[in-house]
Amino acid sequence: MKEKLYTIPVNEAFDNAGECGFCALHKKLEREILDYVMGPSYMEEDIREDMDRMGFCQDHYRQMFAAGNRLGVALMLKSHMNHTLKETERLFQKEIALTEQKKKPFAKAPDSPFGAFEKGREESCYACFRMQRRMDSYFSTFFHLWKTEPEFRDKVLGGKGFCLSHLKEAMDEGKKRLNYKDYQAFLAAILPLQQENLKRVESDLDWFIQKFDYRFKEEPWKDSKDAVERGIQKMASLLLDKKD
Ligand SMILES: [Zn+2]
Ligand SMILES: [Zn+2]
């Protein structure tokens, strides 16, 4: 298989993709980006500006805090707060000025300058933004390999399908990147594979549940030991760290 540098991560992720190769790519990318945010990003002026403006979502704050690098989080947070304070300084004055202009600014909820700013801030996350951009390029690479490398196609078709959310993204991207006939062939190959593998995880869960019945206590676990983790991944794209 001819390897170009940019195809390597996607190709490798589908070597041992588990329940979804895109989840594996997403998890690796997330770790890289959060490590970068809490570390060397501090040296990059333009990146810091983006981070200061966007901040982070709850999930990414939670992950950064859990990673234990409190100094890294403190540096990033102080910088984001410093930026935000300049904005609130200006916007709070505007809010007060509005109440002076109109007798009842709250009666018919006029556009709140701070409200608009805060909504934008809550909806933006530097890590999500960076990841979305990179995931887009991974989907594009996926279809490039799908079209040009039969070995890659065989690898995907020999795998376990995707999580439902990444399947949806793959279908959206496929519509853009494949012609009508190729998209039809893609769906005809992928959707039965997907259905078969959803059923497989469901039956693993079924056996997992049965194992809690004393009558099956001595029976082997078969493939069900991590059925809950794999079920969560299939349904919610969350790739949990394996226990034991
Ligand atoms: Zn996935
Ligand atoms: Zn985020």
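Here, residue 1 is the first one in the sequence, and each next residue gets the next number. Both ligands and their constituent atoms are indexed starting at 1 by order of listing.
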Is C23 close enough that one of its N/O/S atoms sits under 2.8 Å from the Zn ion (ligand 1)? yes
Hey, what's the ring geometry for H80 with H83, parallel, tilted or perpendicular (30° and 60° as the breaks)? parallel
Applying ring-ring contact (aromatic ring centres under 6.0 Å, His included) between F152 and each of W146, F14, F143, report the one that passes. F14
Residues K94, E89: salt bridge by 4.0 Å N-O rule: no
Can the ring centres of F216 and F212 be said to be less than 6.0 Å apart? no
Of all N/O/S atoms in H166, which lies nearest to the Zn ion (ligand 1)? ND1
Looking only at N, O or S atoms, which one in H60 sits nearest to the Zn ion (ligand 2)? ND1
